Structures are given as C-alpha cells and as structure tokens.
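Note that the structure is predicted; figures quoted are calculated from it, not measured.
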Amino acid sequence: MCHVIVTCRSMLWTLLSIVVAFAELIAFMSADWLVGRPRANGTPPPANRSGPLADPYRPTLGIYSRCLKLPRLDTVKRGSLCGPYAESFGEIASGFWQATAIFLVTGILILCAVAFVSVFTMCVQSFLKKSIFNICGLLQGIAGLFLILGLILHPAGWGSQKAVDYCGPDVSPYQLGACSLGWAFYTAVGGTVLTFLCAVLSAQAEIATSSDKVQEEIEEGKNLICLL
C-alpha cells in the first residue's frame with residue numbers, strides 16, 4: 001500500500017530541487033552571460049570615435065545566443081533581436097563553450113530527472129531496496145560537478161572572436177575586457193551552489209521520512225502522514 005509521507009525537510013528538498021533545475025535551464029538558454037561594451041543605434045562602435053554614444057545600449061552574449069538592438073529604419077521600429085547565433089553545435093563561438101554546453105546540458109538533464117522523481121517521493125521512498133532520497137542526492141552531487149566544470153570552462157572561451165566583437169580587443173581567457181558578467185552567469189553559479197545544498201538536504205529528507213514517528217503512524221494504519 002502506498003503511504004504518502006510529507007515532512008518539512010522532504011518538501012523543502014523537493015521544492016528546491018525543482019527550483020534549481022529550472023534556474024539552471026533558464027540560465028543556460030539565456031543570452032545574458034556576458035554584457036558587451038556600449039554600442040549606439042544597433043551598430044558596432046566606430047574604432048576612431050571619441051565622446052559619448054548617442055542612445056547607447058549594451059548587447060549581451062550567451063553560450064549559443066545573443067541579444068542586439070536593430071537599427072532604426074523608416075519602416076521598422078527599432079527593437080531587440082534575441083536568438084541563437086549558432087545554427088549548429090559546431091558554430092558555437094569557442095571549443096571551450098562547446099565543452100561548457102556539454103557539461104551544463106548533462107548536469108541540467110540530471111537535475112531535471114531528479115526534480116521529476118522528487119515529486120513522487122511523497123508516495124515512493126525506495127527503489128530496489130535503495131532510498132530514492134540517497135540516490136537522488138548522489139545524482140545531484142554528480143550534476144553539481146558537471147555544472148562546475150562548465151562554469152570553469154566558460155571564461156576560457158572569452159578569447160574567441162565572438163567575445164572580441166562584443167567585449168573589445170582587451171578581452172582574453174579569464175579577462176573580461178570591456179564586458180561584464182550578466183545575470184545568467186550568476187544564476188548558474190547560484191544554482192550550482194544550491195545543487196550541492198540539495199544533495200545535503202536529500203540525506204535529511206531520508207532521515208525525516210524514515211523516522212520512528214513515521215513508522216509509528218504507518219503501524220497505526222494511516223495512509224497520509226504529515227510531520228514537521
């Protein structure tokens with residue numbers, strides 16, 4: 001018989017696992033990893049121009065996508081143009097960014113699988129006599145390692161020609177030049193930290209759902225068990 005067991009620690013782990021998976025996915029898909037040097041009117045800044053730019057804006061560059069502003073035309077209102085600059089995996093700007101994409105996608109797929117499974121841990125707490133919480137915690141730790149590798153390799157690709165176009169000639173591996181880090185990079189870093197926190201919380205969720213108090217309620221014949 002299925003016993004639905006809900007505790008504060010198991011629910012916190014489930015919710016955080018879902019949030020982390022979505023955060024990493026959104027960060028990976030975003031074009032806001034690097035915020036480029038100022039441009040005007042949707043065109044690259046002239047090399048010999050001095051003085052302030054008219055109506056400046058800062059384009060953004062992601063692992064495989066970018067955001068630019070379209071120039072003002074007579075028949076077209078200027079707006080943002082966001083989308084992939086790479087039509088295939090081989091067109092990603094740097095080999096380091098290709099490796100980053102592989103590691104991040106692998107980690108995100110694991111996190112999404114764990115987030116999906118975590119929803120059902122209220123009803124099913126073991127698989128083949130192994131705790132699902134412990135299995136998921138181990139997978140989250142592995143996913144965190146993949147995410148760390150991806151984040152370490154991303155700055156190594158800052159010396160690519162695509163990064164130079166956005167950040168100026170002073171950009172190089174692990175040197176931002178005229179660029180700054182965007183919210184997507186910080187989100188990916190924060191999500192990685194929370195991934196390891198989830199791995200730790202999974203052990204607490206296992207302890208909470210297999211406590212003596214839970215066993216007592218099961219022996220009393222209760223099918224829905226809610227504990228603090």
Near Phe116 CZ, under 6.0 Å, is it more than 12 heavy atoms from other residues, nucleotides or ligands? no
Measure the spacing between OG1 of Thr192 and CG of Leu147 and express it to the nearest 0.5 Å. 4.5 Å
Test side-chain hydrogen bond (donor to acceptor under 3.5 Å, both in side chains) applied to Gln140 and Trp13, step by step: CA-CA 11 Å; Gln140 286 173 325; Trp13 172 76; 3.1 Å; yes
Is there a side-chain contact between Ser118 and Ile18, using heavy atoms and a 4.5 Å cut-off? yes
Report the C-alpha separation of Phe89 and Ile102 in whole Å, then their side-chain angles, then the decisive distance to 0.1 Å, and conclude whether the side chain to side chain contact (heavy atoms under 4.5 Å, CB included) test is met. CA-CA 10 Å; Phe89 181 78; Ile102 291 173; 3.8 Å; yes
Taking atom CD1 of Ile63 and atom CH2 of Trp97, what is their separation to the nearest 0.5 Å? 8.0 Å
Test His154 against every option in Phe96, Trp33, Phe28 by the ring pair (Phe, Tyr, Trp, His ring centres under 6.0 Å) rule and name the one that passes. Trp33
Whether Tyr85 side chain and Ala93 backbone form a donor-acceptor pair below 3.5 Å: yes
Is Glu91 reaching over with its side chain to a backbone N or O of Glu87, donor-acceptor style, under 3.5 angstrom? yes
For Phe196, I'd like to know if atom CZ has over 12 heavy atoms of other residues, nucleotides or ligands within 6.0 Å. yes
Scan residues 88-121 for pairs that pass disulfide (SG to SG under 2.5 Å), counting only residues two or more places apart or in two chains. none
Any sub-3.5 Å donor-acceptor pair from Arg58's side-chain atoms to Gly36's backbone N or O? yes
